[in-house]
Structure formats: structure tokens, C-alpha cells
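Data block below; observations after.
Here is the naming used below: chain letters follow the sequence lines, and residue numbers restart at 1 for every chain. Computed from a prediction, not measured in an experiment: that's the story for all the values here.
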Amino acid sequence: ETGVTQTPRHLVMGMTNKKSLKCEQHLGHNAMYWYKQSAKKPLELMFVYSLEERVENNSVPSRFSPECPNSSHLFLHLHTLQPEDSALYLCASSQSGDSNQPQHFGDGTRLSIL
Amino acid sequence: GQQVMQIPQYQHVQEGEDFTTYCNSSTTLSNIQWYKQRPGGHPVFLIQLVKSGEVKKQKRLTFQFGEAKKNSSLHITATQTTDVGTYFCASIKAAGNKLTFGGGTRVLVKP
């Protein structure tokens with residue numbers, strides 16, 4: 001399934017670096033999401049954008065900064081991350097921001113913080 | 001705390017056998033969605049249940065939503081090696097609007 005594309009697939013960065021994760025959806029959806037998946041915790045919702053407006057910010061530290069320039073693209077800007085931020089970051093999209101819509105996930109970015 | 005608890009966390013199944021994984025909540029749920037994540041892959045939507053007592057089938061998979069809308073189950077018959085992966089339930093609280101994922105059941109199949 002190539003409906004939701006995430007780049008890069010893998011990222012290794014130091015704690016002082018700044019990097020960005022990119023997500024693009026080709027499904028014509030109006031809502032996009034960022035999730036964090038680590039071995040210790042279930043899928044954690046980080047941010048929700050519906051029609052390019054942020055509708056959910058799930059108490060995420062400010063070192064994670066999302067950006068949604070249009071309904072097809074979503075970014076997650078990273079700066080001064082901590083080792084505990086190492087995880088798989090998944091992007092998803094859905095037809096609308098209604099939580100009863102199925103979500104379509106990308107393959108994720110595997111992030112490692114040195 | 002976590003909205004839904006999934007049990008078991010891990011399930012080792014002999015190929016050809018049946019197994020069931022459960023998703024339980026202390027509060028009434030608006031709906032239940034089930035996803036499957038293959039090793040190294042991403043979650044893929046399987047099905048959504050909305051009505052009390054609803055049962056849906058997909059080939060060897062049977063999904064059920066409890067009468068009180070507080071629990072759900074996924075039953076797989078005649079397990080195959082292709083069933084390997086982690087099965088997540090996700091739900092919205094009644095009168096809520098945020099989809100929350102359970103911890104998942106990781107299924108390993110012994111050939």
C-alpha cells in the first residue's frame with residue numbers, strides 16, 4: 001500500500017541536531033495524524049490535523065513541532081531530542097477528522113537518538 | 001490511563017489451531033476498530049464495529065462487539081503463518097472523540 005508515504009525510513013541523530021520527518025498522503029483525505037510507537041508503550045497519538053488545522057495536541061513536549069502546509073503533507077520537526085524519544089514515528093490519514101473513520105498508516109520513520 | 005486493555009499480550013499458537021484475543025474497557029465505547037501490524041510493517045485497518053452485540057466475519061477472522069459495548073474479541077480459526085503479527089484494537093469512548101489504541105496482542109505461529 002503506497003497511499004501514505006513517510007521519509008526518511010530510518011534516521012539517526014544526535015541530541016543537538018535538528019531534523020524533520022515528512023509524510024505525504026495520496027488518498028484525498030482531510031485528516032492527518034502523528035503517532036509514536038515504542039517497545040514500552042502502545043501506539044501514542046501525538047498530533048491530529050483536520051483540514052490543515054491542528055485539532056489535537058496530546059501533551060507532546062515542545063521539542064516536537066508539527067506542521068501541516070496542506071491536506072496532503074504533514075511534517076514533524078525535531079530539535080534537541082532525548083534518548084527516550086527513540087521510537088517508530090507513524091503518520092496516518094483518514095477521510096475526515098471524525099474518530100470513527102479508518103486510519104491509513106505509512107511505513108513509519110525509525111528514529112534513533114544517540 | 002489506558003482506555004482499553006488487550007489480553008493476552010502475547011499468544012503462541014500452533015498452526016491450524018484457533019485462538020481469541022480480547023479488548024476490554026471499564027467504560028462504554030462508541031465503537032471498536034481492529035488493526036493488524038505485521039513484523040516490520042505498519043498497522044492496517046481490518047474492521048470497525050459500532051452496534052451492541054455486532055458480529056462481523058472476514059474469512060477466518062470473526063470480530064465481536066459486546067452487548068454492553070465494553071469489550072470486543074477477535075477469533076481466528078485454523079491459524080496460518082500469515083496470521084503472524086500484532087493485533088490492535090482501537091476505540092472511542094461514548095461521548096468522546098479521540099481514537100485510543102490498546103497495547104496489542106502479539107501473535108506468533110508455530111509451524
Need one label for [X]: side chain, backbone, both or neither, based on atoms under 4.5 Å from any heavy atom in chain B.
X	answer
Leu45(A)	side chain
Tyr33(A)	neither
Gln6(A)	neither
Glu44(A)	neither

Exercise: do Ser94(A) and His29(A) side chains pair donor with acceptor under 3.5 Å
no
Sequence neighbours excluded, every pair satisfying salt bridge (Lys or Arg N to Asp or Glu O under 4.0 Å) that has a member inside residues 38-57 of chain B
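Residue pairs with at least one partner in residues 38-57 of chain B: Glu54(B)-Lys56(B).
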Counterpart residues, salt bridge (Lys or Arg N to Asp or Glu O under 4.0 Å), relative to Arg63(A) (two or more places apart)
Asp85(A)
Donor-acceptor pair, distance only, cut-off 3.5 Å: does the side chain of Arg60(B) make one with the backbone of Ile76(B)?
no
